[in-house]
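Lettering follows sequence order; numbering is per chain, from 1.
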Amino acid sequence: MTLQIHNTLTRRKEEFKPLHEGRVGMYVCGPTVYGHSHVGHAKSYVSFDVIVRYLRHVGYKVLYVQNITDVGHLTDDADEGEDKIEKQSRIDRVHPMQIAELYTKSYFEDMDALGVLRADISPRASGHILEQIEIVEQLIRNGHAYVSNGSVYFDVPRFAGYGKLSGRSFEDLEAGARIQVNPEKRHPADFALWKKAEPEHMMQWSSPWGKGYPGWHIECSAMSMKYLGENFDIHGGGLENQFPHHECEIAQSECATGKPFVQYWIHNNMVTVNGQKMGKSLGNFVTLKDVFKKFDPLVVRFFILQSHYRSTLDFSDEALQAVNVGLEKLLNTLRNLREEIAKAAVDNRSAEAAIDLEGYKSRILSAMNDDFNTPQAIAVLFDLTRETNALLSLESKFSAESLRRIGDFFQEFGGRVLGIIPLESASLMAGDAKMESDLVQLLVDLRTEVRSQKLWSLSDKIRDGLKKLGITIEDKKDGTAWRKG
RNA sequence: GGCGCCGUACCCAAGUGGUAAGGGAGAGGUCUGCAAAACCUUUAUGCGGCGGUUCGAAUCCGCCCGGCGCCUCCA
């Protein structure tokens, strides 16, 4: 059973073979930090997070690099327009770096909430200006770039491989009249490696070509190659970046080094809102901070992983609501299982909970090995959920050891790999929470007393009151349980 | 105009040649003082339409219809 990855370069699923045995170098295009993250960011980074987690699960030592774009990303095409961060800084009347810092923090905050593990390295574009300049110089030396009026452009027609990722040719681009004619460029498809800065431009650096700032594409080439080498395993990003961003990255990187750049390109599909692409101009922008007001970040993560990363995902409150119930079911089972394990630990039990965990494991692995099919993996978890619930509702008492194996399984695949189950330690309470739970327990005990006297209306009054405070009561055969939610 | 993707039940969504996963919603039942949770049963002779290839097609090919994306910044 080998890992198959859909490679955008070949448009096929291919067996994954890293360049170096047991090690994986992976780069994913990070956010441009000029605003709060939205649900599109969530889909992208949750998807790649699971990919990294899975690669590690199957034993690879992964070096995961994800940049923070804090300069050079323009509002219009790659060669014209305003730097997005500078634009926002003028609106807010603060220094551009303050904008970048603010939204970098915001980004990490949201990603942490979603359970996205931090990349091993999160390089900032502004901190790698020298590396970018070096690549531009190399391209000029190689004859792949030319200086024009203080800016440097990549000479697209001279690179035969241009278009191999997106299936586009630069001739097509010429035909498509949407590209503005820039008199500094020799060919309309040529793109900026370095832009001359006007005096009022705040973010600018000295270069061999005068004061300026880097083009958008060059940072990813510089930072990926700096940390992962000139040829590395996986490069990921959003589908919308396939062209022109990734195509340009390949061109400038391969022309600078003379080596193939990336082995596997992975592109995740986009988020739509009510069936329409989400965009600022369309006014249907949904930030994560807004979503988190209504839904637990874990629900958002679960929602994302219930469709395949290469499918579009339509975002709506209704969809999240439906999925919320499903996740509750999963977590409820785990909660009941943990309670039962705790009971089993004090009793002396010998019955074996006979669940074919190896079977479940191989089903999850084959789902994940098939281009990271998380919806299928989750379906397997639901099958296990049903079997576990059935087991827990039986009269027979199973040994702590055999129940713990089931718990560990959930923890391993639902927790560590998919990240949709909170770690056991996170659910442990401390301080105020302890007091709160003691108080609830007191009421529950009181209600049990009242119920034994068949004082139903009083008993229901306690239950309804707790419900209003967000506590749900469940009367079971062997006692009353309660939970938040 | 060029490149590409998608259309599976009431909703979401897997399935890329062997006879339709999973979740939500609905219906019936078991348990229960009631509720909640859970379990069992049930809901697509059919996968946008029409042809073709094949012993066999949701899956491959062709045409058509419908929706969407990229080609300008976007995760």
Side-chain angles (χ1 to χ4, degrees), chain A residues 11 13 28-32 35 37-48 73-82 84 163 166-169 171-173 175-180 216 236-245 267-272 275-281 285 302-303 306-308 310-314 316 318-330 332-333 335-336 363 367 370 373-383 385-386 388-394 451 454 456-457 459-460 463-464 467 472-477 480-483:
Chain A
R11 290 165 190 78
K13 282 183 198 168
V28 169
C29 287
T32 302
S37 301
H38 50 69
V39 291
H41 293 102
K43 174 163 163 70
S44 183
Y45 301 122
V46 165
S47 299
F48 287 113
H73 201 166
L74 306 181
T75 51
D76 293 319
D77 63 41
D79 312 327
E80 300 297 328
E82 250 182 315
K84 286 179 173 175
S166 59
R168 258 179 267 261
S169 67
E171 289 92 345
D172 292 342
L173 288 169
R178 295 181 68 179
I179 290 187
Q180 295 270 321
W216 170 40
L239 197 57
E240 79 288 346
N241 279 334
Q242 184 184 339
F243 188 90
H245 183 53
H267 288 97
N268 77 286
N269 216 137
M270 304 177 72
V271 164
T272 56
Q276 277 233 303
K277 173 198 165 87
M278 182 182 71
K280 280 202 163 165
S281 53
F285 223 68
F302 182 66
F303 176 60
Q306 270 213 313
S307 78
H308 190 89
R310 286 194 289 113
S311 305
T312 52
L313 181 66
D314 195 44
S316 68
E318 297 73 46
L320 278 171
Q321 192 52 55
V323 112
N324 184 22
V325 180
L327 181 61
E328 266 308 310
K329 177 179 176 161
L330 203 66
N332 216 7
T333 297
R335 207 160 16 226
N336 291 336
R363 285 174 65 201
D370 183 13
N373 194 329
T374 55
Q376 210 159 60
I378 288 172
V380 176
L381 281 185
F382 272 109
D383 284 343
T385 297
R386 197 192 321 106
T388 302
N389 285 332
L391 213 68
L392 291 177
S393 63
L394 290 176
R451 285 177 75 229
K454 298 191 192 295
W456 304 127
S457 73
S459 144
D460 290 349
R463 184 174 63 198
D464 294 345
K467 185 75 197 172
T472 303
I473 294 287
E474 289 177 13
D475 294 324
K476 302 179 181 181
K477 281 178 189 152
T480 299
W482 65 272
R483 62 181 161 86

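- Following rounding to the nearest Å, A/Ile378 (CD1) and B/rC12 (C1') show an atom-to-atom distance of 12 Å.
- Looking at heavy-atom distances under 4.0 Å, A/Tyr45 makes contact with sugar-phosphate atoms alone, never a base.
- Atom NE2 in A/His245 sits roughly 13 Å away from atom P in B/rC71 (whole-Å rounding).
- In terms of the side-chain contact (heavy atoms from CB on, under 4.5 Å) criterion, A/Ala390 has no residue partners (sequence neighbours excluded).
- Note: CD (A/Gln306) to P (B/rA14) measures 9 Å, nearest angstrom.
- For A/Asn373, there are no side chain to side chain donor-acceptor pair (under 3.5 Å) partners at least two apart in sequence or on another chain.
- Residues satisfying the side-chain contact (heavy atoms from CB on, under 4.5 Å) criterion with A/Arg386, sequence neighbours excluded, are A/Asp383.
- Look at the P atom in both B/rC31 and B/rC40: the space between them is 16 Å, to the nearest Å.
- Using a 4.0 Å heavy-atom criterion, one finds that A/Val271 contacts the bases of the nucleic acid, with or without backbone contacts as well.
- As judged by a 4.0 angstrom heavy-atom cut-off over every strand, A/Ser311 is placed among residues touching the sugar-phosphate backbone only.
- By the salt bridge (Lys or Arg N to Asp or Glu O under 4.0 Å) test, A/Lys467 pairs with no residue at all, sequence neighbours left out.
- When the side-chain nitrogen and oxygen atoms of A/Asn389 are compared with OP1 and OP2 of B/rC39, one or more of them lie within a distance under 4.0 Å.
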Could you pull out the protein-nucleic contacts involving nucleotides 66-70 of chain B (nitrogen or oxygen on both sides, under 3.5 Å)?
{"from": "B/rG69", "atom 1": "OP1", "to": "A/Lys277", "atom 2": "N", "distance (Å)": "3.4"}
{"from": "B/rC70", "atom 1": "OP1", "to": "A/Lys277", "atom 2": "NZ", "distance (Å)": "2.1"}
{"from": "B/rC70", "atom 1": "O2'", "to": "A/Arg168", "atom 2": "NH2", "distance (Å)": "3.2"}
{"from": "B/rC70", "atom 1": "O2", "to": "A/Arg168", "atom 2": "NH1", "distance (Å)": "3.1"}

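- Annotation: side chain to side chain donor-acceptor pair (under 3.5 Å) contacts of A/His245 (sequence neighbours excluded): A/His217, A/Glu249.
- Under the 30°/60° scheme for interplanar angles, the aromatic rings of A/His41 and A/His38 are found to be tilted.
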Within the 4.0 Å limit for protein heavy atoms, which parts of nucleotides 24-37 of chain B are touched? Write it as a string from 5' to 3', B for base, S for sugar-phosphate only, - for none.
S--------BBBBS

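- Pairs of Watson-Crick or G-U wobble type, with distances under 3.5 Å, assemble into runs of 3 or more in RNA chain B at these ranges: B:1-7 with B:65-71, B:10-12 with B:22-24, B:25-30 with B:38-43, B:48-52 with B:60-64.
- Remark: A/Asp475 engages A/Arg447, A/Arg451 in a salt bridge (Lys or Arg N to Asp or Glu O under 4.0 Å) (not counting sequence neighbours).
- With sequence neighbours excluded, the residues that form a side-chain contact (heavy atoms from CB on, under 4.5 Å) with A/Ser166 are A/Arg168, A/Gln242, A/Phe243, A/Glu247.
- With hydrogens and angles left out, the side-chain atoms of A/Asn389 and A/Thr333 include a donor and acceptor closer than 3.5 Å.
- Atom CG of A/Leu381 and atom P of B/rA21 are 18 Å apart (whole Å).
- Taking the P atom of each, B/rA27 and B/rA36 are spaced 13 Å apart, rounded to whole Å.
- Following rounding to the nearest Å, A/His308 (NE2) and B/rC5 (P) show an atom-to-atom distance of 14 Å.
- Comparing A/Arg11 and A/Asp314, the nucleotide of RNA chain B nearest to each residue sits closer to the 5' end for A/Arg11.
- A gap of 10 Å separates the P atoms of B/rG49 and B/rU59, to the nearest Å.
- In this structure A/Asp314 satisfies the salt bridge (Lys or Arg N to Asp or Glu O under 4.0 Å) test with no other residue, sequence neighbours excluded.
- The same atom, C1', is picked in B/rA44 and in B/rG15; the two are 14 Å apart, to the nearest Å.
- Among residues two or more places apart in sequence or in another chain, the side-chain contact (heavy atoms from CB on, under 4.5 Å) test is passed with A/Val380 by A/Tyr360, A/Arg363, A/Ile364.
- Nucleotides B/rU19 and B/rU41 are separated by 23 Å at their C1' atoms, to the nearest Å.
- Not a single donor-acceptor pair under 3.5 Å links the side chain of A/Ser44 to the backbone N or O of A/Gly40.
- The interatomic distance linking A/Phe303 (CZ) with B/rG22 (C1') rounds to 15 Å, in whole Å.
- Between A/Arg386 and B/rG22 there is a side-chain polar atom (N or O) within less than 4.0 angstrom of OP1 or OP2.
- Using P as the reference atom, B/rG23 and B/rC39 are 9 Å apart when rounded to the nearest Å.
- B/rG22 and B/rC64 have their C1' atoms separated by 33 Å, given to the nearest Å.
- Taking the P atom of each, B/rG4 and B/rU42 are spaced 45 Å apart, rounded to whole Å.
- As rounded to whole Å, 10 Å separates atom P of B/rA13 from atom NZ of A/Lys43.
- Taking atom CG of residue A/Leu313 and atom C1' of nucleotide B/rC5, one finds them 15 Å apart after rounding to whole Å.
- By the 4.5 Å heavy-atom criterion applied to side chains, A/Glu474 and A/Asn332 are counted as neighbours.
- Positionally, the nearest nucleotide of RNA chain B for A/Leu327 lies more toward the 5' end than for the other of A/His41 and A/Leu327.
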